[in-house]
Amino acid sequence: MKIQVGDCLIEKVTEQTATLPFAALYPDHLAQMPVGLAAQLVTLSIHSWVVRTGKDIIIIDTATGNQRDRDHKPLFHRLQTDYAQRLARAGVDPHAVTLVLMTHIHTDHVGWNTHWRDGRWQPMFPNARYICSAAELARCEENPAMQALYLDSILPLINSGQLETVAVDGSPLFAGVLRYLPTPGHSIDHASLLLSSRGQQAFFSGDVMHHPLQFQFPRWNSVFCENKALAVRSRQLAIDWCLQHQAIWFSSHFSASSCGRVISAAPELPHWMPLEAEPDAIR
């Protein structure tokens, strides 16, 4: 499915999906869950967004990557997925990608920054600029628990001269259509991405939310949120921005189409409408 926003054409490339109970995803909120919800399974998607502007081919987040040592965590460790083939089926030549934008430096968002070739990790997109938060990079460099990720998914970009850092507060405009919006909480300097083209708007949420249920319960934090108070604040900011700008929301982990609109009969009652229900935006 391809989604048109102004002059931009947007497409999801999936790496994998996984399921877990709501209780495991939102363990701090079991007391507020409707009866029976805690045991229900939620499907999470791990994917990239490809944005074509006519001049640029942009990848937003690069999923987990193959062959990574990730502490034997089944969702991330030593994967062998067909992500690269799916990227090719979407018509993306890695050599033609001009820009890779990272919402944050977590293992399921930066892995395909690189691939294993000729006995070493090399940039997956050899002609692209790679952009990340300066604060996120500093945290990654300093955190002993992130060294495997740093060595296989970040350092090769530094060595090739392709990695650029930005202050997400006061972000420049990328490819004439995209800029960062600080949405910290899930990670230290997590940032979403705003797209504007011909008066139409899109919002790439990163990990502000993991499931559409959080539109109804924006104070619910996932088990992955590092700073819970900031995450709640950022979630509300994201909802308000999308309502104000009538933006399409492109999520990082929602299943199915993974994109849709925030609808509200009243500001305090937002809900999620998947984009399958809006055929005019689909090509």
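Quick note: residue numbers are just sequence positions, from 1.
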Participant: Are any of the side-chain heavy atoms of Ile60 and His109 separated by less than 4.5 Å?
Facilitator: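 No; the side chains remain at least 4.5 Å from each other.
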
Participant: Are any non-hydrogen side-chain atoms of Pro218 and Ile239 less than 4.5 angstrom apart?
Facilitator: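 A side-chain contact exists here, since the closest heavy-atom pair is under 4.5 Å.
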
Participant: Counting distance only, does the side-chain N/O of Ser251 pair as donor-acceptor with the main-chain N or O of Ser258 below 3.5 Å?
Facilitator: yes

Participant: Checking side-chain polar atoms at under 3.5 Å, does His186 have a donor or acceptor matched by the opposite partner on Asn221?
Facilitator: no

Participant: Please answer: with hydrophobic residues joined when any side-chain heavy atoms are less than 4.5 Å apart, are Val92 and Leu9 in the same cluster?
Facilitator: no

Participant: With side chains defined as the heavy atoms from C-beta onward, is the minimum distance between Asp69 and His77 less than 4.5 Å?
Facilitator: yes

Participant: Going by atom types only, do Glu136 and Ser187 share a side-chain donor-acceptor pair under 3.5 Å?
Facilitator: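 Distance-only check passes for Glu136 and Ser187.
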
Participant: Is the side chain of Gln200 donor-acceptor paired with the backbone N or O of Gly6 at a distance under 3.5 Å, no angle test?
Facilitator: yes

Participant: So, for Ile263 and Met273, which heavy atoms are closest and what is the spacing to 0.1 Å?
Facilitator: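 Scanning both residues, the minimum pair turns out to be CG1-CB, 3.9 Å.
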
Participant: Working to the nearest 0.5 angstrom, can you tell me the gap between Ile10 CD1 and Leu195 CG?
Facilitator: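 Reported to 0.5 Å precision, the distance equals 5.5 Å.
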
Participant: Dump the intermediate steps for side-chain contact (heavy atoms from CB on, under 4.5 Å) on Leu193 and Thr103, then the final yes or no.
Facilitator: CA-CA 7 Å; Leu193 283 152; Thr103 59; 4.2 Å; yes

Participant: Under 3.5 Å, side chain of Ser234 to main-chain N/O of Pro184, donor-acceptor pair present?
Facilitator: yes

Participant: Would Ile248 end up clustered with Val177 when hydrophobic side chains under 4.5 Å apart are linked, directly or stepwise?
Facilitator: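 Yes, one cluster joins them.
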
Participant: Out of curiosity, does Ile131 fall in the hydrophobic cluster containing Leu178 (side-chain heavy atoms, cut-off under 4.5 Å, transitive links)?
Facilitator: yes

Participant: As a quick check of understanding, evaluate side-chain contact (heavy atoms from CB on, under 4.5 Å) for Arg198 and Cys8, giving each step before the final call.
Facilitator: CA-CA 9 Å; Arg198 289 192 177 272; Cys8 299; over 6 Å; no

Participant: So does Ala134 get a backbone contact from the side chain of Thr165, meaning a donor-acceptor N/O pair under 3.5 Å?
Facilitator: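 Side chain of Thr165 to backbone of Ala134, a donor-acceptor pair under 3.5 Å: no, none is there.
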
Participant: Given side chains that start at C-beta, do those of Val110 and Thr64 come closer than 4.5 Å, heavy atoms only?
Facilitator: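 No, every pair of side-chain atoms sits at 4.5 Å or beyond.
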
Participant: Between Ser222 and Met209, is a side-chain contact (heavy atoms from CB on, under 4.5 Å) present by the stated rule, with each step listed?
Facilitator: CA-CA 8 Å; Ser222 80; Met209 294 188 190; over 6 Å; no

Participant: Are side-chain N/O atoms of Thr53 and Asp7 paired as donor and acceptor at under 3.5 Å?
Facilitator: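 Side-chain D/A pair, Thr53 to Asp7: absent.
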
Participant: Looking at Leu25 and Leu20, what are the two nearest heavy atoms and their distance?
Facilitator: N-CD1, 4.1 Å

Participant: Donor-acceptor pairs under 3.5 angstrom involving side-chain atoms of residues 119-128: please list them, not counting sequence neighbours.
Facilitator:
| unit_1 | atom_1 | unit_2 | atom_2 | d |
| --- | --- | --- | --- | --- |
| Gln122 | NE2 | Arg117 | O | 2.9 |
| Asn127 | ND2 | His95 | O | 2.9 |

Participant: Does any N or O in the side chain of Asn113 come within less than 3.5 Å of the main-chain N or O of Ser153, such that one atom is a donor and the other an acceptor?
Facilitator: yes

Participant: Do the side chain of Arg68 and the main chain of Gly111 share a donor and acceptor less than 3.5 angstrom apart?
Facilitator: yes

Participant: Could you pull out the closest heavy-atom pair between Thr81 and Asn66, with the gap in Å?
Facilitator: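 Heavy atoms of Thr81 and Asn66 come nearest at N-OD1, 2.9 Å.
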
Participant: With ring-ring contact (aromatic ring centres under 6.0 Å, His included) as the test, would you mind laying out the steps for His210 and Phe224 before giving the verdict?
Facilitator: CA-CA 9 Å; His210 283 74; Phe224 307 112; 5.3 Å; yes

Participant: Should Leu44 and Thr19 count as side-chain neighbours, where that means a heavy-atom distance under 4.5 Å?
Facilitator: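 Result no, sub-4.5 Å side-chain heavy-atom pair not found.
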
Participant: Only pairs at least two apart or in different chains count here, so list each salt bridge (Lys or Arg N to Asp or Glu O under 4.0 Å) that has a residue in residues 25-46.
Facilitator: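 Salt bridge (Lys or Arg N to Asp or Glu O under 4.0 Å) check on residues 25-46 returns Asp28-Lys228.
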
Participant: Would you say Phe254 ends up clustered with Trp241 if hydrophobic residues are merged whenever their side chains have heavy atoms under 4.5 Å apart, either directly or through other cluster members?
Facilitator: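 Yes: a chain of side-chain contacts under 4.5 Å links Trp241 to Phe254.
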
Participant: Salt bridge (charged side-chain N to carboxylate O under 4.0 Å, His left out) with Asp169: which residues, sequence neighbours excluded?
Facilitator: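 Listed in chain order: nothing, the list is empty.
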
Participant: Is the distance between the ring centroids of Trp249 and Phe215 under 6.0 Å?
Facilitator: yes

Participant: Assert yes or no for the condition that the ring centre distance of His211 to His253 is strictly below 6.0 Å.
Facilitator: no

Participant: Evaluate Gln236 against Asp240 for side chain to side chain donor-acceptor pair (under 3.5 Å), listing each step before the verdict.
Facilitator: CA-CA 6 Å; Gln236 192 61 59; Asp240 292 344; 3.0 Å; yes

Participant: For a quick test of reading the model, state the closest non-hydrogen atom pair linking Gly36 to Gln40 and the distance between them.
Facilitator: O-CG, 3.4 Å

Participant: List the steps and the verdict of side-chain contact (heavy atoms from CB on, under 4.5 Å) for Phe22 and Leu213.
Facilitator: CA-CA 10 Å; Phe22 274 100; Leu213 191 68; 4.0 Å; yes

Participant: So, Asp82 and Arg89, do they make that salt bridge, N to O below 4.0 Å?
Facilitator: yes

Participant: Is the backbone of Ile58 close enough, under 3.5 Å, to the side chain of Asp56 for a donor and an acceptor to pair up by distance?
Facilitator: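 Side chain of Asp56 to backbone of Ile58, a donor-acceptor pair under 3.5 Å: no, none is there.
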
Participant: Report yes or no: do Arg235 and Ser205 form a side-chain donor-acceptor pair below 3.5 Å?
Facilitator: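 Side-chain D/A pair, Arg235 to Ser205: absent.
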
Participant: Looking at every heavy atom in both Met33 and Ala38, which two are closest together, and how far apart are they?
Facilitator: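 In this case the closest contact between Met33 and Ala38 is SD-CA, 3.7 Å.
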
Participant: Counting only heavy atoms not in Gln246, do more than 12 sit closer than 6.0 Å to its CD atom?
Facilitator: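 For Gln246, atom CD is not crowded (no more than 12 foreign heavy atoms under 6.0 Å).
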
Participant: When you check the gap from the basic side-chain N to the acidic O, do Arg86 and Glu11 get nearer than 4.0 Å?
Facilitator: no

Participant: Verify, without hydrogens or angle tests, whether Asn227 (side chain) and Leu230 (backbone) share a donor-acceptor contact under 3.5 angstrom.
Facilitator: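 Between the backbone of Leu230 and the side chain of Asn227 there is a qualifying donor-acceptor contact (under 3.5 Å).
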
Participant: Hey, does Leu181 have a side-chain heavy atom less than 4.5 Å from the side chain of Leu237?
Facilitator: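 Yes; the side chains approach each other to less than 4.5 Å.
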
Participant: Step through the shown structure and confirm whether more than 12 heavy atoms of other residues, nucleotides or ligands are within 6.0 Å of CZ on Arg179.
Facilitator: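 Counting other residues, nucleotides and ligands, CZ of Arg179 stays at 12 neighbours or fewer.
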
Participant: Is the side chain of Thr14 donor-acceptor paired with the backbone N or O of Gln16 at a distance under 3.5 Å, no angle test?
Facilitator: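 Not at all, since once roles are kept as given, no pair shorter than 3.5 Å links the two residues.
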
Participant: Let me check something: do Met102 and Val208 share a hydrophobic cluster, defined by ILVMFWY side-chain heavy atoms less than 4.5 Å apart, either directly or through other members?
Facilitator: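 Not linked; separate clusters.
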
Participant: Distance from Phe203 atom CZ to Cys242 atom SG, nearest 0.5 Å?
Facilitator: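 The SG atom of Cys242 is 5.0 Å from CZ of Phe203, to the nearest 0.5 Å.
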
Participant: Among Arg70, His115, Gln147, whose side chain to side chain contact (heavy atoms under 4.5 Å, CB included) with Asp152 holds?
Facilitator: Arg70

Participant: When rounded to the nearest 0.5 angstrom, what distance separates CG in Leu157 from CZ in Arg129?
Facilitator: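 If we round to the nearest 0.5 Å, Leu157:CG and Arg129:CZ are 13.5 Å apart.
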
Participant: Compute whether any side-chain donor of one residue and acceptor of the other, for Gln214 and Tyr26, lie under 3.5 angstrom apart.
Facilitator: yes

Participant: Are the side chain of Thr98 and the backbone N or O of Ile57 linked by a donor-acceptor pair below 3.5 Å?
Facilitator: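 A pair under 3.5 Å: yes.
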
Participant: If we ignore angles and hydrogens, is there a donor and acceptor under 3.5 Å between the side chains of Ser48 and Thr62?
Facilitator: no

Participant: Is it the case that more than 12 heavy atoms not belonging to Arg219 sit under 6.0 Å from its CZ atom?
Facilitator: no

Participant: Taking atom types as modelled, is there a side-chain donor on Glu15 or Trp112 under 3.5 Å from an acceptor on the other?
Facilitator: yes

Participant: Only one of Leu101, Asp189, Leu173 passes side chain to side chain contact (heavy atoms under 4.5 Å, CB included) with Tyr180; say which it is.
Facilitator: Leu101

Participant: Do His190 and His106 pass the ring-ring contact (aromatic ring centres under 6.0 Å, His included) test, and can you show the C-alpha distance, the side-chain angles, and the key distance before you say yes or no?
Facilitator: CA-CA 10 Å; His190 182 282; His106 278 180; 8.1 Å; no

